Amino acid sequence: MSAPTAFRRRYGASPLHLLLVLASFALALYAGLRLFEGDTVGVALWFVGAALLHDLVLLPLYSLTDRAAQALFTRGPEDGRPAPRVSVNHVRVPGFVSGVLLLVWWPLILEQVGHYTAATALPADGFLARWLLITAALFAASAVVLIVRTRQRTRQRNRAQRQARSATK
């Protein structure tokens with residue numbers, strides 16, 4: 001057994017994966033140290049607040065939303081248990097991307113940054129309209145992908161049924 005194969009078997013991934021993970025940890029450590037050079041208490045408070053906000057508010061909120069989407073997009077197989085459909089992912093993915101964009105740009109989307117124009121010399125209006133357009137485009141593209149995949153599955157199922165009928169004749 002070669003050394004890379006033995007490493008992959010023991011570690012579970014390639015040596016390049018380990019190298020990239022270690023490099024990302026080193027970069028995160030460097031960024032964290034640089035971040036703490038300024039207002040250490042403020043940064044620590046921000047991290048604790050972000051963790052609490054995520055764990056106590058956001059996680060239950062998007063878990064509840066995902067459960068509701070799964071309830072809408074379920075089908076009952078032959079044994080009577082509901083099975084989640086893959087189509088729920090066509091709501092999850094654009095919703096997630098739209099949520100991340102809102103999370104990153106919310107001060108500009110909600111026009112809560114008065115000093116933006118003074119700092120950048122760019123107008124601060126229009127971010128809400130752009131975010132809504134991007135969100136609509138994400139959901140529209142996801143719907144198109146869902147329609148195409150559904151048509152392909154239907155064609156394949158019909159083709160298989162025709163072949164099964166012709167084989168039994």
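All values below come from the heavy atoms of this structure, side chains included, with hydrogens, waters and symmetry mates left out. Everything numeric in this text was worked out from a predicted model, so none of it was measured.
Summarising the geometry of Arg92 relative to Asp66, their closest heavy-atom pair is NE-OD1, 2.5 Å, with the distance given to 0.1 Å. Considering all non-hydrogen atoms of both residues, Trp106 and Leu103 come closest at CD1-O, 3.0 Å. Considering all non-hydrogen atoms of both residues, Pro94 and Asn89 come closest at CD-O, 4.1 Å. Across every non-hydrogen atom of Val88 and Gln70, the tightest pair is CG2-N, 3.9 Å. Here the closest non-hydrogen pair linking Val91 and Phe139 is O-CE2, 3.8 Å.
The hydrophobic cluster containing Ile134 also contains Val100, counting ILVMFWY residues as joined when their side-chain heavy atoms lie under 4.5 angstrom apart, directly or transitively. Taking hydrophobic clusters as Ile, Leu, Val, Met, Phe, Trp and Tyr residues chained together by side-chain heavy-atom distances below 4.5 Å, Leu27 does not share a cluster with Leu20. By the rule that hydrophobic residues join a cluster once side-chain heavy atoms approach within less than 4.5 Å of another member, Leu53 and Phe47 end up as members of separate clusters. Tracing side-chain contacts under 4.5 Å through hydrophobic residues (I, L, V, M, F, W, Y), one never reaches Leu110 starting from Leu61; they form parts of separate clusters. Taken together through direct or relayed side-chain contacts under 4.5 Å among Ile, Leu, Val, Met, Phe, Trp and Tyr, Tyr62 and Leu102 form parts of separate hydrophobic clusters.
Distance check: Asn158 CG to Arg153 CZ gives 13.0 Å after rounding to the nearest 0.5 Å. With values rounded to the nearest 0.5 angstrom, Thr154 atom OG1 is found 9.0 Å from Arg151 atom CZ. The distance from the CZ atom of Arg130 to the CG atom of Leu101 is 13.0 Å, given to the nearest 0.5 Å. Distance check: Arg8 CZ to Leu16 CG gives 9.5 Å after rounding to the nearest 0.5 Å.
No donor-acceptor pair under 3.5 Å is formed between the side chain of Ser142 and the backbone N or O of Leu138. Put simply, the side chain of Ser24 gets close to the backbone of Val21: a donor and an acceptor are under 3.5 Å apart. Between the side chain of Arg34 and the main chain of Tyr30, no donor-acceptor pair closer than 3.5 Å is present.
Among Leu146, Ile147, Val144, the one residue that satisfies the side chain to side chain contact (heavy atoms under 4.5 Å, CB included) test with His90 is Leu146.
Dense packing is recorded around OH of Tyr11, with more than 12 heavy atoms of other residues, nucleotides or ligands lying under 6.0 Å away. Counting non-hydrogen atoms of neighbouring residues, nucleotides and ligands closer than 6.0 angstrom, the NE2 atom of His54 exceeds 12 such neighbours.
Between Phe127 and Trp105, the ring-plane angle classifies as parallel under the 30° and 60° cut-offs.
Here the side chains of Ser98 and Trp131 are in contact, with some heavy-atom distance below 4.5 Å.
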Please output the side-chain donor-acceptor pairs of residues 35-43 that fall under 3.5 Å, not counting sequence neighbours, one pair per line with the distance.
from	atom 1	to	atom 2	distance (Å)
Asp39	OD1	Gly42	N	3.3
Thr40	OG1	Phe36	O	2.8

